Amino acid sequence: MAIIERVFSGVQPTGNLHLGNYLGALVNFVKLQATYNCLYCVVDLHAITVPVPGGPDELRRNIREVTAAFIASGIDPRKQIIFNQSQVPEHAELTWVLNCVARLGWLNRMTQFKEKAGKDRENASIGLYDYPVLMAADILVYRATHVPVGEDQKQHLELSRDIAQKFNNDFSESIAAHGHGDKFFPLPEPVITGPATRVMSLRDGTKKMSKSDPSDYSRINLTDDADAIAQKIRKAKTDPEPLPSEEKGLETRAEADNLVGIYAALAGKPKSEVLCEFGGAQFSGFKSNLVDLAVAKLSPIAAEMKRLTADEGYVDSVLIDGADRARAIASETMDAVKDIVGFIRKR
Ligand code: TRP
């Protein structure tokens with residue numbers, strides 16, 4: 001099998017997608033489809049590593065909502081592959097093999113597990129501990145070469161590379177004997193995103209925008225209508241100074257930096273250009289412009305998401321079709337892995 005350049009990324013169906021998810025991930029996913037074949041996965045197997053607050057009905061709703069967000073943001077489900085992880089059993093199957101490649105010592109270093117498990121580590125699920133190996137399987141089962149991820153997932157992506165490398169080394173003779181040359185899995189590379197990948201809370205510019213912040217005014221949800229968007233931006237925290245005309249002037253002003261970053265990302269231009277235009281302006285004037293821009297960019301997405309989530313039949317059909325196409329690739333990898341490892345299979 002030749003190595004094909006391919007993008008894979010996953011989003012957890014945990015509800016309440018917001019501007020941070022859009023600017024940090026989705027905008028990038030949309031851009032990458034111009035140059036690569038892409039697989040965008042709703043990672044429902046990852047979502048059950050912690051209890052789902054609203055239970056199975058909420059999980060189903062969240063899976064459809066992320067799917068709708070992918071489509072509404074501009075990912076073309078006919079050209080790219082949009083699917084949910086649990087419909088492609090090869091993800092779980094490859095995870096087992098990779099569990100036997102990955103080392104306990106490697107997983108013990110994962111900072112996200114430590115954060116999510118908290119003090120009561122004995123009571124964390126084994127799935128939560130194994131989460132990064134499942135993530136490695138997601139990527140490697142498609143032998144993906146490029147993975148757009150945020151800052152918080154970099155360590156997991158590095159682990160995926162380590163697992164791929166160790167598999168390639170452990171089985172090097174068998175890999176060569178089966179005609180795959182000197183390596184079977186490509187080492188996946190991170191794709192770094194543009195400006196404002198880190199969108200901060202509208203109430204506190206030092207905290208990340210988050211679905212779990214108790215104040216809904218801290219975030220712009222992808223399903224917010226024009227009025228809600230306008231209200232939240234008008235109430236967003238600022239400071240009393242006018243905007244600086246150069247980026248250096250934003251360094252100690254977290255809230256100003258965040259709003260300028262959001263404007264820049266929505267407009268698709270660098271912050272320096274935004275400051276050229278608005279340097280010296282008061283926040284009230286800048287915010288009116290930001291409201292207009294945010295409403296113009298986001299309210300069509302909210303409307304499309306509303307339309308799509310009302311059409312379960314269509315959304316489910318996208319996922320089924322995507323899973324069929326994903327599986328064609330994944331099963332080919334899994335067959336090769338079985339041969340390399342030494343399993344017997346039907347031919
Ligand atoms: N862990 C990722 C997150 O929480 C989601 C994810 C799962 C993922 N599998 C992936 C991202 C594979 C990139 C590639 O954001």
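Please read these numbers as outputs of a predicted model, since none were measured by experiment. One-based numbering along the sequence shown. Each ligand, and each atom within it, is numbered from 1 in the order the structure gives.
- The protein heavy atom nearest to atom 1 (N) of ligand 1 is Tyr131 OH, 2.7 Å.
- Remark: Lys338 engages Glu93 in a salt bridge, criterion side-chain N to carboxylate O under 4.0 Å.
- Given atom 10 (C) of ligand 1, the protein heavy atom at minimum distance is Met135 CG, 3.5 Å.
- More than 12 heavy atoms of other residues, nucleotides or ligands sit less than 6.0 Å from atom NZ of Lys114.
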For ring-ring contact (aromatic ring centres under 6.0 Å, His included), just list the numbers for His91 and Tyr142, CA-CA rounded to whole Å, side-chain angles, deciding distance to a tenth of an Å, and then say yes or no.
CA-CA 10 Å; His91 289 243; Tyr142 302 102; 5.4 Å; yes
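- Interface of Val149 with ligand 1, defined as ligand atoms under 4.0 Å from a residue heavy atom, comprises 13 (C).
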Before giving the answer on ring-ring contact (aromatic ring centres under 6.0 Å, His included), spell out for His156 and Tyr131 the whole-Å C-alpha distance, their side-chain angles and the decisive distance to 0.1 Å.
CA-CA 9 Å; His156 289 164; Tyr131 178 116; 5.6 Å; yes
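- Ion pairing between a basic and an acidic side chain is recognised when a charged N comes within 4.0 Å of a carboxylate O; Arg64 and Glu312 show such pairing.
- Shown in contact with Phe8 at under 4.0 Å from a heavy atom are these atoms of ligand 1, numbered in order with element: 12 (C), 14 (C).
- Those atoms of ligand 1 with a heavy atom of Val147 less than 4.0 angstrom away are 13 (C), 14 (C).
- Looking only at heavy atoms of the protein, atom 15 (O) of ligand 1 is closest to Gln153 CG, 3.6 Å.
- Between the side chains of Gln87 and Asn84, a donor-acceptor pair is found at a separation under 3.5 Å.
- Ionic pairing of Glu304 and Arg307 is present here: one or more N-O contacts between side-chain nitrogen and carboxylate oxygen are shorter than 4.0 angstrom.
- For His46, every heavy-atom contact with ligand 1 shorter than 4.0 Å involves the side chain, none the backbone.
- Against a heavy-atom cut-off of under 4.0 Å, Gln12 is close to the following atoms of ligand 1: 4 (O).
- Against a heavy-atom cut-off of under 4.0 Å, Val43 is close to the following atoms of ligand 1: 7 (C), 9 (N).
- In this structure, Lys232 pairs ionically with Asp224, as a charged nitrogen and a carboxylate oxygen lie closer than 4.0 Å.
- The closest non-hydrogen atom to atom 5 (C) of ligand 1, taken over Gly10, Ala25, Ser9, comes from Gly10.
- Polar contact check, Asp138 against ligand 1: a nitrogen or oxygen pair lies under 3.5 Å apart.
- By the criterion of a heavy-atom distance under 4.0 Å, the side chain of Ile139, and not its backbone, is placed next to ligand 1.
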